[in-house]
Asks: 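Following this message is one structure expressed as structure tokens.
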Amino acid sequence: MRVVLAEDQYLLRDGLTRLLQAHGMEICAAVESGDELLAALRAERPDVAVVDIRLPPTFTDEGLQAALAARRERPDLPVLILSQHVEQLYARELLADGRGAVGYLLKDRVFAARQFVDSVRRVAEGGTAMDPEVIAKLLASNARDEPLGRLTPREREVLAGMAEGRSNAAIARQLFLSEGAVSKYTTSIFAKLDLPPSDDDNRRVRAVLAYLNGRVE
Amino acid sequence: MSRPRRYATALGRALVLVALAPLVTLVQAVMLASLVVAFGLGLMFVFPWAVGLTRGTANLARAVHGRWTGRPIPSPYLPAPPHPRPGPDGRYRHLGISYRSPALPEFFERVHRLLSDRATWRDTLWLVADPVVGLAMAALPLLAVGYGLFGMALPLLWDPSYPGDTLADYAGVEVASHGTALALVPVGAVLCAVGLWAGPRAMALHARWTRTLLAPARASELALQVAELDRKRTAATDWQAAEVRRIERDLHDGPQARIVALGMTVSAAEELVDDDPAAAKVLLRQAQESSSAALRELRGLVRGIHPPVLAERGLGDAVRALALDSALDVRVEVDLRGQLPDPVQSAAYFAVAEILANAGKHAAADRVDIDLWHRDGVLRATVTDDGRGGAEPATGGGLRGVERRIKPFDGVLAVSSPQGGPTTVAVEIPCPLGEECCEPGTGPVPGAGAGAARGEAGRGELWLTALAPVLCSVALFPQGLVAGLLLIFGTDNRSWFLALYMPEPLRWPTVLAMVALGLSGVRPLLRRWRKSGAEQRC
């Protein structure tokens with residue numbers, strides 16, 4: 001799996017490179033500015049881009065803008081955004097095209113190495129990886145929503161897991177449930193939210209995110 | 001106002017000013033006499049009294065003109081000195097002399113303040129000059145109209161049987177026949193028309209003249225501004241120092257403590273790793289959680305200092321992000337083009353955040369509308385909620401905080417919050433958009449331009465406004481036009497018309513030169529009048 005990495009802090013760039021290489025990924029470019037990122041994405045055509053939002057020269061949202069620009073040129077380009085803070089605003093922009101293959105994680109998620117590498121893989125395969133904090137914010141700002149209010153606490157936990165991009169198996173592991181139970185919860189959640197049922201994990205996640213995303217727009 | 005009414009009003013006001021002139025003259029006499037008595041004979045006690053009288057008269061003139069022009073003339077006087085305070089021995093000291101009662105030191109202070117106040121001397125100058133200059137401005141149109149009416153009535157009044165066969169001389173011409181009287185009717189009509197035409201203009205000029213001397217001098221205005229800026233700076237630095245202290249405390253109690261604990265946990269794990277790997281693992285997991293918690297706290301702190309979205313996307317998106325995170329139903333309208341200066345963005349962001357938090361906390365609102373726009377060099381934000389209203393900046397701690405935040409930028413906070421709602425809070429911060437205001441220190445100082453525009457007329461202009469109209473109208477009208485008429489009709493009476501004393505070939509050139517001189521002076525005056533008229537309309 002070929003990865004382009006954009007991160008301006010040397011220590012983190014170096015650590016990420018080692019981590020991903022240790023898990024059998026190939027770092028085809030590790031850059032430190034927005035312009036270099038865009039050039040690398042065009043030249044290397046990687047399987048996934050791991051990008052820090054804030055990059056030189058402006059130290060604003062350079063990384064996000066470069067990633068969004070690259071995705072406009074190549075809509076299926078998987079992008080995983082890393083940041084010191086998460087904003088619903090950015091999550092919504094990333095999810096707006098409804099194609100998936102996006103991730104948005106806090107930088108400290110890198111501590112849990114295996115989970116982080118799983119997220120990179122999931123995004124590369126067209127799935128999503130949303131930080132639990134983003135999902136918590138999305139859920140909170142939809143809290144006054146009538147159908148969401150009808151969910152049981154357990155169903156809300158399963159919904160959050162789905163929105164983060166996890167598969168049924170992963171949710172089951174996390175909540176100490178059987179996969180069968182999770183699948184039952186998902187069916188009832190989809191019924192309550194009036195979403196079309198689907199067996200495909202990715203499509204299911206996208207439906208949930210679109211739901212959370214669309215309500216407040 | 002209709003034209004006839006405008007002319008009538010102007011003449012009426014001129015009449016009032018003429019009637020006031022004796023009062024001003026009387027006060028002038030009193031003031032000058034008091035100066036002689038106070039400083040010549042040393043009877044100082046009359047001085048404050050005379051200054052009081054002068055100020056009363058000047059305030060009357062200020063009030064009259066403020067009312068007529070719709071632009072109040074502010075009072076220029078320095079505030080009275082503070083009451084003297086007794087020293088530790090219960091006595092009052094003044095210039096090294098100790099007094100038992102505060103009366104004398106207070107009197108000296110007062111006299112000193114009156115003497116050092118520029119306004120005292122400007123008032124005195126006005127007292128001396130106004131009975132001449134001001135009276136001339138007010139009386140000339142009245143005299144022109146009156147004398148013009150008299151001229152138009154000459155043919156009716158002229159009586160050949162009157163002893164001496166002359167009624168009078170009019171405008172320097174001896175009225176010796178019915179024909180001359182008739183010939184003088186147009187002169188009277190022109191005089192009358194000029195008087196009417198000049199009326200409102202003379203009043204505008206008079207207002208300008210009064211404002212020039214009686215409005216606060218530029219120096220007093222600046223002194224007042226300096227005091228205000230000083231107060232604002234103190235408030236801003238106090239607030240900033242408090243913020244820095246808060247951040248220090250938060251760092252100390254939060255992330256710093258966590259990182260210390262983290263280090264201890266890691267070293268404990270290091271000691272255990274050989275003997276009890278399982279326990280070491282547990283400790284390492286704890287360490288990881290500690291570091292996550294420290295990061296979380298740092299993130300919260302950073303948000304309170306300068307939200308990352310604000311740094312990354314600017315004010316518009318930062319407020320949008322705020323709206324998304326809010327539990328309320330918030331709509332945001334943003335109309336900002338160009339770059340706002342960072343400190344202004346930050347102040348506006350926190351102001352809006354605070355108002356939004358208030359709407360959720362105190363007003364029990366469901367829906368909030370935020371409008372953010374920039375026009376004419378002013379950044380405006382309005383936050384409207386559908387809550388229960390009744391918010392007051394005086395009592396609401398949150399709104400107080402908002403006010404403190406925007407004060408250093410000359411920002412204004414306005415609240416409309418009737419009982420039962422809806423509440424609208426508006427924030428205005430003067431600030432130019434674009435590059436020039438991005439560098440700290442290079443931005444225009446708010447209010448400086450306005451102050452200069454309001455500034456006093458210079459001394460040159462004072463003379464121009466006072467003398468030019470008199471000189472020019474004398475040149476244009478009697479010496480130019482009337483002399484021309486007399487040349488046409490032919491008369492032996494040369495009176496005071498310069499042109500008629502000239503040798504024959506130079507008569508007409510003199511008349512034309514007079515007219516030209518008059519017109520040349522009148523043109524800039526006309527422009528000035530038009531300008532001051534426009535100012536008054538504004």
Side-chain angles (χ1 to χ4, degrees), chain A residues 12 34 52-68 81-93 95-96 105-116 131-146 148-149 212-217, chain B residues 255 258-259 262 266 281 284-332 334 339-340 342 345 349 356 360 364-368 386 438:
Chain A
L12 200 53
D52 181 10
I53 283 197
R54 207 184 275 204
L55 289 179
T58 59
F59 292 101
T60 58
D61 61 342
E62 199 101 358
L64 180 65
Q65 296 304 340
L68 288 175
I81 300 288
L82 290 180
S83 174
Q84 292 283 18
H85 65 105
V86 287
E87 291 295 338
Q88 282 193 64
L89 189 73
Y90 299 165
R92 285 164 191 270
E93 286 173 6
L95 294 170
L105 294 178
L106 277 174
K107 277 190 181 169
D108 28 325
R109 302 299 168 206
V110 180
F111 296 171
R114 179 153 322 147
Q115 276 188 25
F116 176 70
D131 198 275
E133 246 185 65
V134 187
I135 299 307
K137 283 183 169 183
L138 277 173
L139 282 172
S141 57
N142 284 283
R144 292 143 74 97
D145 199 38
E146 180 55 27
L148 270 182
L212 291 177
N213 211 0
R215 280 288 148 163
V216 215
E217 288 289 274
Chain B
R258 290 225 184 251
I259 291 168
L262 175 73
V266 171
K281 245 186 191 166
L284 284 174
R285 176 145 318 128
Q286 273 179 18
Q288 210 182 66
E289 275 159 20
S290 253
S291 77
S292 281
L295 275 172
R296 214 167 26 244
E297 277 168 5
L298 276 173
R299 263 200 292 277
L301 257 167
V302 165
R303 243 174 236 284
I305 300 168
H306 192 82
V309 216
L310 190 58
E312 289 163 4
R313 287 287 181 86
L315 184 58
D317 273 354
V319 170
R320 283 196 192 97
L322 198 64
L324 284 175
D325 287 349
S326 166
L328 308 176
D329 179 11
V330 186
R331 325 254 149 139
V332 183
V334 178
Q339 177 73 39
L340 289 164
D342 258 357
Q345 288 205 78
Y349 173 85
L356 187 59
D366 290 316
R367 224 199 110 141
V368 180
D386 62 351
C438 297

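All values below come from the heavy atoms of this structure, side chains included, with hydrogens, waters and symmetry mates left out. By convention in this document, chain letters (A, B, ...) are assigned in the order of the sequence lines, proteins followed by strands, and residues within each chain are numbered from 1.
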Asks: With a 4.5 angstrom heavy-atom cut-off, could you sort out which part of A:V134 is near chain B: side chain, backbone, both or neither?
Replies: neither

Asks: Under a 4.5 Å cut-off applied to non-hydrogen side-chain atoms, are A:K107 and B:L295 in contact?
Replies: no

Asks: Among A:T58, A:L64, A:D61, which has the most heavy-atom pairs under 4.5 Å with chain B?
Replies: A:D61

Asks: Of all the heavy-atom pairs spanning A:T60 and B:A311, show the shortest one and how long it is.
Replies: CG2-O, 3.4 Å

Asks: If you count heavy atoms of other groups shown closer than 6.0 angstrom to CZ of B:R285, is the number above 12?
Replies: no

Asks: Do you know which of B:D366, B:V302, B:L328 has the most heavy-atom pairs under 4.5 Å to chain A?
Replies: B:D366

Asks: Counting heavy-atom pairs under 4.5 Å to chain A, which of B:R296, B:R313, B:R303, B:Q288 comes out on top?
Replies: B:R313

Asks: Report yes if the side chains of B:E312 and A:L89 come closer than 4.5 Å at any heavy-atom pair, otherwise no.
Replies: no

Asks: Measuring heavy-atom distances to chain A, does B:R331 have an atom under 4.5 Å in its side chain, in its backbone, in both, or in neither?
Replies: neither

Asks: To the nearest 0.5 angstrom, please state how far the CZ atom of A:F111 sits from the OG atom of B:S291.
Replies: 4.0 Å

Asks: Looking at every non-hydrogen atom in both residues, tell me the closest pair between B:L324 and A:Q88 and how far apart they are.
Replies: O-NE2, 3.0 Å

Asks: Work out which heavy atom in A:E87 is nearest to a heavy atom in B:V309; give both atom names and the distance.
Replies: OE2-CG2, 3.0 Å

Asks: So which part of A:E133 gets closer than 4.5 Å to some heavy atom of chain B, the side chain, the backbone, both or neither?
Replies: side chain

